[in-house]
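Below is one structure; the comments refer to it alone.
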There are 2 protein chains.
Amino acid sequence: MRVTLKDIADEAGVSIMTVSNVVNGNRARVSADTIERIQRIVADRGYVPSASARSLAAKSSRMIGLLVPAADEDSLMISPHNVAILGQIERQLRKSGYHLLLRGIAQPSEVGEALKSWSLDGAVLLNFFDEDIDRLTPGAVGNVSLLAVDSYSDNPLTTGVRSDDYTGALLAARHLLGLGHREIVFASPAITGVGVVHQRYKGFRAAFAEADLTWTERLVTIETATHTTGREVGRRIPTEHPDATAVFATADILAIGIMEGLADSGHAVPDQLSVVGFDNLDLSEYVTPKLTTVAQDIPQKAALAVERLLASIEKQEHPDSPITLDVQLIERSSTGPVRR
Amino acid sequence: MRVTLKDIADEAGVSIMTVSNVVNGNRARVSADTIERIQRIVADRGYVPSASARSLAAKSSRMIGLLVPAADEDSLMISPHNVAILGQIERQLRKSGYHLLLRGIAQPSEVGEALKSWSLDGAVLLNFFDEDIDRLTPGAVGNVSLLAVDSYSDNPLTTGVRSDDYTGALLAARHLLGLGHREIVFASPAITGVGVVHQRYKGFRAAFAEADLTWTERLVTIETATHTTGREVGRRIPTEHPDATAVFATADILAIGIMEGLADSGHAVPDQLSVVGFDNLDLSEYVTPKLTTVAQDIPQKAALAVERLLASIEKQEHPDSPITLDVQLIERSSTGPVRR
DNA sequence: TTGAAAGCGCTAACAT
DNA sequence: ATGTTAGCGCTTTCAA
């Protein structure tokens with residue numbers, strides 16, 4: 001069976017508390033001799049503490065959850081953007097001695113269950129609708145630290161780490177305006193629901209405002225930002241918005257689909273229409289033409305998320321005010337001067 | 001504090017065992033009345049069983065690990081291929097009432113620790129070198145069920161679920177031979193170490209053998225299959241192998257990099273060189289030209305992996321013999337007839 | 001159909 | 001510097 005503290009204690013001829021102290025690095029309470037002897041036995045026998053027992057006896061599980069929305073029958077929809085975040089989060093947690101529970105959430109009510117079941121010390125909410133985050137109640141959350149990535153919810157139970165979506169869209173729109181474009185399509189998921197999209201919409205319009213221009217509203221709303229929907233949109237745009245000379249899409253994967261849809265219907269990018277994305281996925285550099293887009297520092301975002309989450313766990317209080325990271329416009333080949 | 005069995009029991013005026021039986025669906029031991037009354041209280045109070053306590057008292061944790069190699073300072077390198085697997089695995093486990101612990105493994109020795117720490121019922125090894133799987137010892141693994149995705153290790157402690165790599169490469173090479181190509185570069189990570197690559201190498205050569213042709217060995221070996229290394233390789237190939245008319249890369253992401261490197265050095269695909277990949281990533285359809293590649297049914301692979309893993313957990317024995325899934329050649333635009 | 005007792009492996013709080 | 005006691009919340013076994 002499993003090697004336990006007691007096994008080690010018996011073999012060393014000490015009490016289990018002494019072993020526990022050694023294992024937990026409580027060196028102040030044990031003599032150097034004993035420490036060394038016990039460490040040897042621990043290594044020899046391959047002792048690994050039981051996290052369950054520890055979690056039960058102590059207050060902390062040292063496990064945090066990564067919660068991602070997922071309809072019951074669907075698998076986790078992990079976008080390239082979220083993959084990068086996921087990888088970084090795991091690494092940061094591992095380095096800090098925490099474990100990661102990855103869990104799909106079919107209904108907002110499952111959040112509470114996920115937190116309680118394993119007594120999670122905290123959780124990162126990835127890709128949630130702000131509306132769902134708003135609805136999280138103290139009863140469901142308890143004193144668990146919650147950090148929502150890319151959220152603009154002001155639910156005090158959570159804090160956010162996000163990129164400067166407003167400025168990102170502003171930069172993108174400025175870039176297009178600078179190239180002479182005036183008739184620009186704004187392609188995105190519904191502007192309500194996800195605060196990120198709303199911010200980008202505001203930033204986009206602000207660019208027109210600061211140039212004393214009026215934007216002819218050209219909205220194309222999609223269900224979800226995928227390559228497939230993008231492609232459909234790309235096919236429709238030339239007929240739905242024949243005057244448009246540029247498209248701003250709120251996600252690279254969407255923009256790339258749009259470029260393909262445009263190509264399908266015989267429209268050249270950037271000669272006939274310019275396209276700008278958002279995210280700076282690796283992918284955006286692999287496609288032809290290479291996509292002009294807004295870059296976020298994803299590793300930094302993830303690192304900050306974990307850092308703030310762990311800090312709030314250690315302080316035993318709900319997280320601080322949200323934080324916003326800088327963005328940057330990456331000019332590539334999918335945009336060019338307007339031609340009429 | 002937390003709502004416990006005892007809280008429910010007190011409120012219902014029964015013993016905790018009765019509540020436990022109700023919660024665990026042990027309906028045979030409780031009267032219908034009591035069941036209903038308890039279920040109401042459980043719902044009202046928002047009771048969620050403590051997985052730690054359960055794991056400690058029972059034998060099973062109902063948690064399985066997804067272990068992925070990751071150097072200490074590196075974040076999890078989750079390729080698009082593995083993302084798809086990861087998402088599917090989480091869904092399957094959730095549907096079966098299991099939880100998923102995601103863990104990067106810096107050294108093979110950490111596998112045992114990962115398994116023991118949370119008393120995992122089983123684990124999926126994703127992306128491991130066969131050599132490392134070979135070295136797993138009964139001591140480290142215990143009676144935990146282990147399933148290695150894409151492995152050809154014959155370590156009896158594990159079982160494998162993988163695609164038919166041999167046939168995949170065979171199909172790809174046949175396709176190129178059918179187009180008249182004879183001088184074909186085989187671009188891959190080192191052929192030892194990862195059995196998958198070795199299988200693909202064998203299949204590749206088999207295509208020549210069955211056509212009574214001899215392959216002029218044109219190997220390009222890379223460190224890791226990434227877009228960046230692919231691009232470098234693509235730039236080198238025309239000078240290192242001036243006679244080559246086609247390239248078979250063992251991963252789409254590599255093939256896509258190669259196409260770009262070829263373009264960098266002014267070589268047209270497929271007019272001057274044909275390129276074939278492996279995996280059929282979404283990505284392979286987004287690039288220009290669209291990549292001819294070998295498709296594996298990733299969702300099925302993941303589903304099968306979980307199914308077999310859970311079966312072996314429930315039977316309390318090490319998993320059965322490995323299983324191999326069919327593959328399919330997807331012809332797109334990156335390959336064409338040889339032109340001299 | 002229901003309950004009581006024991007213990008899973010550990011830690012916190014208090015002895016010694 | 002080391003040990004003792006009392007649980008954490010649950011399941012298993014045995015009894016009623």
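Every value quoted in this text rests on a predicted model; they were computed, and no experiment measured them. Every chain is numbered from 1, with letters handed out A, B, ... down the list of sequences.
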Between NZ of A/Lys6 and C1' of D/dT4 the distance, given in whole Å, is 14 Å
Closest of D/dT2, C/dG3, D/dG9 to the B/Arg2 side chain is D/dG9
Worksheet item: So what does B/Arg54 touch, heavy atoms closer than 4.0 Å: a base, only the sugar-phosphate, or nothing?
Response: sugar-phosphate
- request: Verify the contact: side-chain N or O of A/Ser15 to OP1 or OP2 of D/dT2, cut-off strictly under 4.0 Å; return yes or no.
  value: no
I'd like to know whether CZ of A/Arg2 has more than 12 heavy-atom contacts from other residues, nucleotides or ligands below 6.0 angstrom. yes
To the nearest angstrom, the CG-C1' distance between B/Asn24 and D/dT11 comes to 8 Å
Just to be sure I understand the rule, does B/Asn21 reach a base, reach only the sugar-phosphate, or reach nothing, if contact means heavy atoms closer than 4.0 Å? nothing
note: A/Lys116, atom NZ; D/dG9, atom C1'; distance rounded to Å ~ 15 Å
When rounded to whole Å, the CG to C1' distance for the pair B/Leu56 and C/dT11 reads 12 Å
**Asked** Touch check for B/Ser55, heavy atoms < 4.0 angstrom, all strands: base, sugar-phosphate only, or nothing?
**Response** nothing
Presence of A/Ser52 side-chain N/O under 4.0 Å of C/dC10 phosphate oxygens OP1/OP2:
no
So, does A/Thr18 get its side chain near the phosphate of D/dG3, meaning an N or O under 4.0 Å from OP1 or OP2? yes
B/Met17 CE to D/dA15 P, in whole Å, measures 16 Å
| Any chance CZ of A/Arg37 has more than 12 other-residue heavy atoms, nucleotides or ligands included, within less than 6.0 Å? | yes
Taken to the nearest whole Å, CH2/B/Trp118 to P/C/dC8 is 20 Å
From the candidates C/dG9, C/dT11, D/dT2, the one with an atom nearest any side-chain atom of A/Leu5 is C/dT11
Short side-chain N/O contact to D/dT11 OP1/OP2 from B/Ser20, under 4.0 Å
yes
When rounded to whole Å, the NZ to P distance for the pair B/Lys59 and C/dG7 reads 14 Å
A/Asn26 CG to D/dG3 P, in whole Å, measures 15 Å
| task | Decide if atom CZ of A/Arg45 counts as having more than 12 heavy atoms of other residues, nucleotides or ligands within a radius under 6.0 Å. | result | yes
Those residues at least two apart in sequence (or on a different chain) that pass side chain to side chain contact (heavy atoms under 4.5 Å, CB included) with A/Thr324 are A/Arg162, A/Asp164
Item to complete: Give the C-alpha distance, both sets of side-chain angles, the deciding distance and a yes or no for side chain to side chain contact (heavy atoms under 4.5 Å, CB included) between B/Val149 and B/Phe128.
Response: CA-CA 8 Å; B/Val149 176; B/Phe128 275 67; over 6 Å; no
Checking D/dG9, C/dC10, C/dT2 against the side chain of B/Ala53 (C-beta onward), the nearest is D/dG9
